[in-house]
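Residue numbers begin at 1 in each chain, while the letters A, B, ... track the order of the sequences.
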Amino acid sequence: MSIIGATTGELLSRLERGELTSVELTTAYLDRIAQQDDRVAAFLTVNGDEALQQAADVDRRRQAKQPLGALAGIPVAVKDVLCTKGLKTTCASRMLANFIPPYDAHVVTQLRNADAILIGKTNMDEFAMGSTTETSAFKTTRNPWDLGRTAGGSSGGSAAAVAAGMSPLALGTDTGGSIRQPAGFCSVVGMKPTYGRVSRFGMVAYGSSLDQIGPFANDVNGAALLAQVIAGHDCRDSTSVNAPVPAYSQTVNQPLAGLRVGIAKEHFVEGLNPEVEQALRAALQVYKSLGAEIKEVSLPHTSYGVAVYYLIAPSEASSNLARYDGVHYGHRAAQFSNMIDMYATSRGEGFGSEVKRRIMLGTYALSAGYYDAYYLKALKVRRLIRQDYDKAFEQIDVLASPASPNPPSKIGEYSANPLAMYLEDIYTIGANLAGLPGISVPAGFTEAGLPVGLQLLAAPFEEEKLLRAARMYEQATQWQGKRATL
Amino acid sequence: MDYTTIIGLEVHVQMQTKTKIFCGCSTKFNPDNPNVQTCPVCLGLPGSLPVMNRHAFDLAVKTAIAINCQIARFTKWDRKQYYYPDLPKGYQISQYDLPFSHDGWLEIVVNKETGEKKKIGIIRAHLEEDAGKNTHDETGRGHDSQVDLNRAGTPLLEIVSHPDLRSAQEAKEYLEELKLLLTYLEVSDCNMQEGSLRCDANVNVHIHRDGQKIATPLVEIKNLNSFRNVELAIEFEADRQYRQWQQDGKTFGQVNKETRGYDAVRNITVAQRSKEEAADYRYFPDPDLVPVTVEEAYLQNVIQSMVEFPAARRTRFIQQYQLSNYDAAVIIDQGVVFADFVEHVARICGDGKQACNWVTQDVLREMNDRKLTIEGFPIQPPVLGEILKRINEKKITIKSAREIFLNLLNSADPSTINVARIDQIIQEQGLSIVADSGQLETVIVAVLAKNQKAVADFKGGKPSAAGSLIGQVMRELKGADPATVRELLLKKLAE
Ligand SMILES: [Zn+2]
């Protein structure tokens with residue numbers, strides 16, 4: 001059986017049975033990266049030497065029969081927005097091109113505690129702003145299923161790394177769909193946990209009230225295990241919630257009896273690709289055949305979601321990115337005439353155009369005279385959107401929708417029209433605005449062979465239910481077994 | 001020149017917490033080792049997050065209660081956004097529209113002799129993080145500016161008064177009372193040199209002309225680094241505004257608020273970059289910090305654990321120890337340790353008035369002469385109290401007590417200053433009051449026998465002659481109580 005493309009569970013049991021060492025496994029993935037990543041461009045940094053050292057250490061401890069963590073010896077790729085001590089963390093920006101954090105993000109500490117192997121840092125949209133990984137200052141990640149298309153974004157590098165078999169697991173971040181949409185584009189599993197479920201400490205902030213870190217895997221079981229490792233309270237993040245973490249990986253294979261799957265009538269709108277809609281209808285049939293009840297619900301404020309999101313996220317971003325001023329770290333212009341010019345030139349050179357666009361949007365929305373009409377109004381509508389979901393989840397267990405209204409975009413498709421790109425976020429941003437957990441699972445392909453993702457959302461802190469519902473669908477379909485051929 | 005000066009003060013106080021407001025770094029004043037008390041949070045590194053220091057919040061609430069503020073039941077944190085190199089995140093975490101406290105007052109004594117008081121209104125008190133410190137090249141040779149972030153993130157309490165102060169003197173009184181209160185509460189050491197208390201003054205004048213009141217444009221004075229300078233700067237500024245008005249006639253509202261800096265060397269205020277329009281700080285709620293809710297039980301707990309405030313203690317001292325307004329103020333204004341010292345002495349000797357007199361006169365004088373602090377004063381309350389107790393018990397005279405006090409103070413070995421030593425000195429020097437009238441009578445009879453002339457003078461109608469006789473008796477019997485001597489002697493002369 002091949003190492004590349006195997007699920008996390010398969011790899012773990014082979015490691016435990018002694019059929020495979022972590023060094024062999026890590027070497028196989030590093031070789032795969034060396035062979036394929038010049039075409040896919042999923043990685044910004046490959047952490048080869050350290051990864052092999054970590055692997056050797058795990059093998060040695062395994063041989064000595066010492067206790068090992070839940071991901072012992074398994075490679076995990078980490079989005080380059082998560083701080084890694086001593087390892088470059090660039091956010092795919094010229095601004096932080098040479099930034100080496102002196103500390104690990106909480107989730108990276110959790111990975112180390114679980115004895116996972118940190119195989120590398122993945123490409124992303126600059127500062128996680130974008131839906132295609134094209135705004136990266138360094139390279140454009142390509143979709144392993146069609147190299148002429150994007151892998152989605154902003155966690156496109158992590159999604160593509162898993163889809164291309166360059167890592168069995170990866171971490172991404174999701175502010176408006178940045179895990180679920182690329183997971184759908186790349187036919188892998190990606191989950192955004194409830195806001196507060198995973199500590200944001202060490203995640204470079206984009207939209208602080210929306211950002212969450214979550215897992216990518218090639219099956220639901222892998223996602224459940226990685227989610228379990230990174231979730232939990234951290235006193236260094238005041239918004240992280242102090243509630244016990246259920247053992248997702250223990251319960252994920254148990255089907256849910258009497259499952260109520262909802263669909264929102266507002267989701268069937270003009271602009272929804274017919275093949276994507278067909279895939280969703282087919283998925284609902286699968287659930288029906290599994291004994292689930294399909295219920296239509298209403299989310300009346302859905303149409304305001306994109307507008308609300310593109311006020312709140314840029315407002316927070318304009319503030320979060322103020323620290324990149326060239327004074328203490330990061331890019332500083334070589335030439336400037338005075339302090340103000342130093343700020344302006346350093347930031348002008350360090351940021352790409354999408355980041356600048358969002359900083360300007362946010363600065364405008366927070367300015368005196370506009371605050372009430374834009375930012376404050378957006379907060380009010382955000383509350384209404386949350387109430388829509390609260391009401392819906394009184395009647396249903398999970399809400400099903402496409403992860404994205406269209407299949408993966410062509411490289412360059414949105415370069416002249418960012419607004420069209422923003423509108424593609426319609427199905428994913430609700431979960432961020434309402435703080436809900438959401439997952440994207442592979443749901444088939446279009447005629448042209450492009451992946452389609454099924455998104456499921458659940459009520460806050462119902463990750464366990466979400467994973468079990470996703471696993472029921474995965475088990476009843478053939479999509480999980482499909483691997484991109486490169 | 002007929003005008004009234006109108007002053008409102010904005011005071012920033014660094015609170016004495018061990019650690020910073022949003023991280024675990026030390027708040028120690030450490031200008032010689034820049035950037036050592038820092039971490040990813042207070043350096044504003046990517047991905048770092050603030051977590052509120054509960055102790056800082058508790059201290060702030062304690063202070064707000066002491067200045068009679070309302071405590072908000074729901075308060076939140078906001079980002080105040082501006083670019084400056086000493087502000088590593090590009091925003092300061094502060095409080096904007098929902099400060100944790102508002103609408104209070106502080107009472108100041110405007111006349112120490114009469115004890116006349118005045119309430120100064122407080123608009124709000126809020127918490128925020130301090131910025132770092134920029135050091136600019138002042139040689140003019142164009143060297144780099146440098147930034148020290150040791151101070152960044154130190155908890156700051158900003159207390160904003162109403163424009164209720166009517167003179168530079170009142171402004172100084174307000175600051176002194178506030179400082180006293182903050183040191184009593186152990187909230188801050190209020191050291192202006194080290195920047196733990198900083199003050200900006202908003203000043204204008206109301207000119208009285210033909211029964212009309214004319215207000216001059218508002219000026220904010222910055223860089224006030226001592227109470228004396230606050231006083232001087234306000235005096236200068238009020239006068240300058242009056243002269244300016246005489247020249248251009250500009251009144252309040254016709255000119256934007258101006259910021260001026262105080263130049264202590266020349267004792268003038270100097271115009272700083274004028275703000276054409278109010279800076280837009282783009283305040284918005286900090287999404288990294290959860291709002292704070294305050295429960296009634298928590299507030300009651302804080303109130304219960306409060307120490308007595310200076311103003312209340314002043315009033316109590318006047319009543320309990322029968323002190324004048326002035327004496328009570330002298331004691332309280334010396335600080336909490338000094339007042340505690342007085343009360344400790346009073347408790348031991350059983351005479352508050354006596355204790356106050358001794359501490360404010362003898363102790364304070366020796367402290368000043370010998371450049372000692374009350375904490376370092378060699379004779380601490382347990383010993384001083386026992387000396388005074390012996391006066392009250394008529395075991396020694398006040399004069400003897402002073403001798404003992406000085407004797408102890410001059411001890412080469414401070415460890416020998418104890419209660420046992422008091423009685424030893426009384427013994428050695430024969431300072432014990434002679435209460436045995438038999439011994440006294442013997443001495444008086446002997447003195448009268450030796451001074452027939454004086455006795456004759458006295459009996460011949462010269463009462464002053466008794467003085468020298470008493471003096472002689474006292475010389476013979478060192479510890480004798482002068483009143484008893486006089487009484488017995490007069491009795492003998494009358495026989
Ligand atoms: Zn710190």
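Among A:Pro102, A:Ser199, A:Gly202, the residue with the largest count of heavy-atom pairs under 4.5 Å with chain B is A:Gly202. Put simply, of B:Pro287, B:Pro40, B:Pro46, the one with the most heavy-atom pairs under 4.5 Å next to chain A is B:Pro46. Heavy-atom pairs under 4.5 Å with chain A were tallied for B:Pro285, B:Pro50, B:Gly44; the largest tally goes to B:Gly44. Contacts with chain A were tallied for B:Leu45, B:Val290, B:Val147, B:Asp286; B:Leu45 has the most, counting heavy-atom pairs under 4.5 Å. Among A:Phe99, A:Tyr375, A:Tyr103, the residue with the largest count of heavy-atom pairs under 4.5 Å with chain B is A:Tyr103.
The minimum heavy-atom distance between B:Tyr91 and A:Ser319, with the atom names listed, is CD2-OG, 3.5 Å.
Put simply, the side chain of A:His328 never gets that close to the backbone of B:Asp86: no donor and acceptor are under 3.5 Å apart. B:Ser48 contributes no side-chain N or O that, together with a main-chain N or O of A:Phe201, makes up a donor-acceptor pair within less than 3.5 Å. Without hydrogens or angle criteria, B:Arg282 side chain to A:Thr363 main chain gives no donor-acceptor distance under 3.5 Å.
With a threshold of 4.5 angstrom between heavy atoms, B:Tyr84 approaches chain A through its backbone and through its side chain. Within the 4.5 angstrom heavy-atom criterion, only backbone atoms of A:Cys235 (N, CA, C, O) approach chain B. Interface remark: A:Ala368 contributes backbone and side-chain atoms alike to the contact with chain B (heavy atom separation under 4.5 Å). Residue contact with chain A, scored on non-hydrogen atoms closer than 4.5 Å, involves the backbone of B:Leu43 exclusively. Neither the backbone nor the side chain of A:Tyr370 has a heavy atom closer than 4.5 Å to any heavy atom of chain B. Interface residue A:Val204: backbone and side-chain heavy atoms are both found under 4.5 Å from chain B. If you measure heavy-atom distances from A:Met339 to chain B, the contacts under 4.5 Å come from the side chain alone. If you measure heavy-atom distances from A:Leu96 to chain B, the contacts under 4.5 Å come from the side chain alone.
The local environment of NZ in B:Lys76 is crowded, with over 12 non-hydrogen atoms from other residues, nucleotides or ligands closer than 6.0 Å. Surrounding CZ of A:Phe336 are more than 12 heavy atoms belonging to other residues, nucleotides or ligands, all under 6.0 Å away. Within a 6.0 Å sphere centred on NZ of A:Lys356, other residues, nucleotides and ligands contribute more than 12 heavy atoms. Around atom CD of B:Gln254, more than 12 heavy atoms belonging to other residues, nucleotides or ligands sit under 6.0 Å away. Taking a 6.0 Å sphere around CD of A:Glu349, one finds it holds more than 12 heavy atoms contributed by other residues, nucleotides or ligands. Heavy atoms of other residues, nucleotides or ligands lying less than 6.0 angstrom from OH of A:Tyr310 number more than 12. By the neighbour-count criterion of 12 heavy atoms within 6.0 Å, atom NZ of A:Lys377 is sparsely surrounded, having that number or fewer from other residues, nucleotides or ligands.
Between the OH atom of B:Tyr83 and the CZ atom of A:Arg347 there is a distance of 3.0 Å, given to the nearest 0.5 Å. How far OG of A:Ser367 is from CG of B:Asp280: 5.0 Å, rounded to the nearest 0.5 Å. Atom-to-atom distance recorded for B:Asp288:CG and A:Asp237:CG is 7.5 Å, nearest 0.5 angstrom. Between B:Leu49 atom CG and A:Arg236 atom CZ the span is 9.5 Å, to the nearest 0.5 Å. Here B:Arg79 contributes atom CZ and A:Asn320 contributes atom CG; the two are 4.5 Å apart, rounded to the nearest 0.5 Å. Taking CZ from B:Phe22 and OG from A:Ser238, the interatomic distance works out to 8.5 Å, rounded to the nearest 0.5 Å.
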Using the ring pair (Phe, Tyr, Trp, His ring centres under 6.0 Å) rule, take A:Tyr371 and B:Phe284 through it: C-alpha gap first, then chi angles, then the decisive distance, then the call. CA-CA 9 Å; A:Tyr371 181 90; B:Phe284 84 110; 7.8 Å; no
